[in-house]
> 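Below: one structure in structure tokens.
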Amino acid sequence: MQDETIAQKPGARRWVRIVLFVSLAFNLLVVGAAGSAFFIHGERHKHHGGGFGKMGGPLTHALSPEDRKKVRKKLHEAYEESGAGFRQYKQEKAKLIVVLTAEQFDAEAARGHLEQMQGIVSTRLLQGREVLLERLTEMTLQERQAFAERLQKRHKKHRKN
């Protein structure tokens, strides 16, 4: 009886590692692609060096300070409206942790929570794309050209590294 329990543990540990790795990947995706509460609350977190401009990747880095502020505000509104916020993501992660720490691992429950987390991330990414595209559409030719120039400079800078 004990031999069966010992034989099952390495497989269970492997699943836990896989699920934790996938969870970490989703967490990094959320932080890198969609930003975090740091850019949502902008002013409060400026002194920490965080913020929308640093969290959103090369496209948001290339925005002017005024455009970053506009995009940040619209994203915050979109996230609140759709419910694709960090609160929901954290709730799903908490549920996943319960599944991971249970005596018996329920792969389907873990899959469900991971799918919910992925859905939140996907929604945020799509919203970010649409808000950015909306702002680019509103820009004048000169503003778009300046944006493109800043984007190109950042691209060249990072290509050298």
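What's counted below: heavy atoms across the whole structure, side chains too, no hydrogens, waters or symmetry copies.
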> With rounding to the nearest 0.5 angstrom, report the CG to OH distance, L96 to Y89.
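L96 atom CG to Y89 atom OH measures 9.0 Å (nearest 0.5 Å).
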> Which heavy atom of V131 sits nearest to which heavy atom of K74, and what is that distance?
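What the structure gives for the nearest pair is CG1-CB, 3.7 Å.
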> V121 vs Q118, test: side chain to side chain contact (heavy atoms under 4.5 Å, CB included). Steps then yes/no.
CA-CA 5 Å; V121 171; Q118 182 181 10; 5.6 Å; no
> For L63 and M139: C-alpha separation, side-chain torsions, deciding distance, then whether side chain to side chain contact (heavy atoms under 4.5 Å, CB included) applies.
CA-CA 11 Å; L63 289 170; M139 288 180 179; 3.9 Å; yes
> Find the distance between NZ (K153) and CZ (R150) and round it off to the nearest 0.5 Å.
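Interatomic distance, K153 NZ to R150 CZ, rounded to 0.5 Å: 9.0 Å.
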> To the nearest 0.5 Å, how far apart are CZ in R135 and OG1 in T60?
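One gets 14.5 Å once the value is rounded to the nearest 0.5 Å.
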> When rounded to the nearest 0.5 angstrom, what distance separates CG in L136 from CD in E143?
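Spacing of CG (L136) from CD (E143) equals 10.0 Å.
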> In Å and rounded to the nearest 0.5 Å, what is the CG to CD distance from L132 to E134?
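Answer for the CG-CD pair, L132 versus E134, is 10.0 Å.
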> Are any of the side-chain nitrogens in R111 or E108 under 4.0 Å away from the carboxylate oxygens of its partner?
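Yes, this pair counts.
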> Of all the heavy-atom pairs spanning V99 and D106, show the shortest one and how long it is.
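Closest approach of V99 to D106: CG1-O, 3.5 Å.
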> Which of these, E92, K93, K95, sits in a side-chain hydrogen bond (donor to acceptor under 3.5 Å, both in side chains) with H113?
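Among E92, K93, K95, the one that satisfies the side-chain hydrogen bond (donor to acceptor under 3.5 Å, both in side chains) with H113 is E92.
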> Answer yes or no: is there an ion pair linking E66 with K70, defined by an N-O contact shorter than 4.0 Å?
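No.
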> Does E130 use its side chain to pair, donor to acceptor, with the backbone of Q127 at less than 3.5 Å?
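No, the answer is negative, given that no donor and acceptor are paired below the 3.5 Å cut-off.
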> Could you give the distance from CZ (F147) to CD (Q142), rounded to the nearest 0.5 Å?
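Here the interatomic distance stands at 16.0 Å.
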> Is it true that, when you exclude R144 itself, more than 12 heavy atoms of the residues, nucleotides or ligands shown sit nearer than 6.0 Å to its CZ?
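Above 12, so yes.
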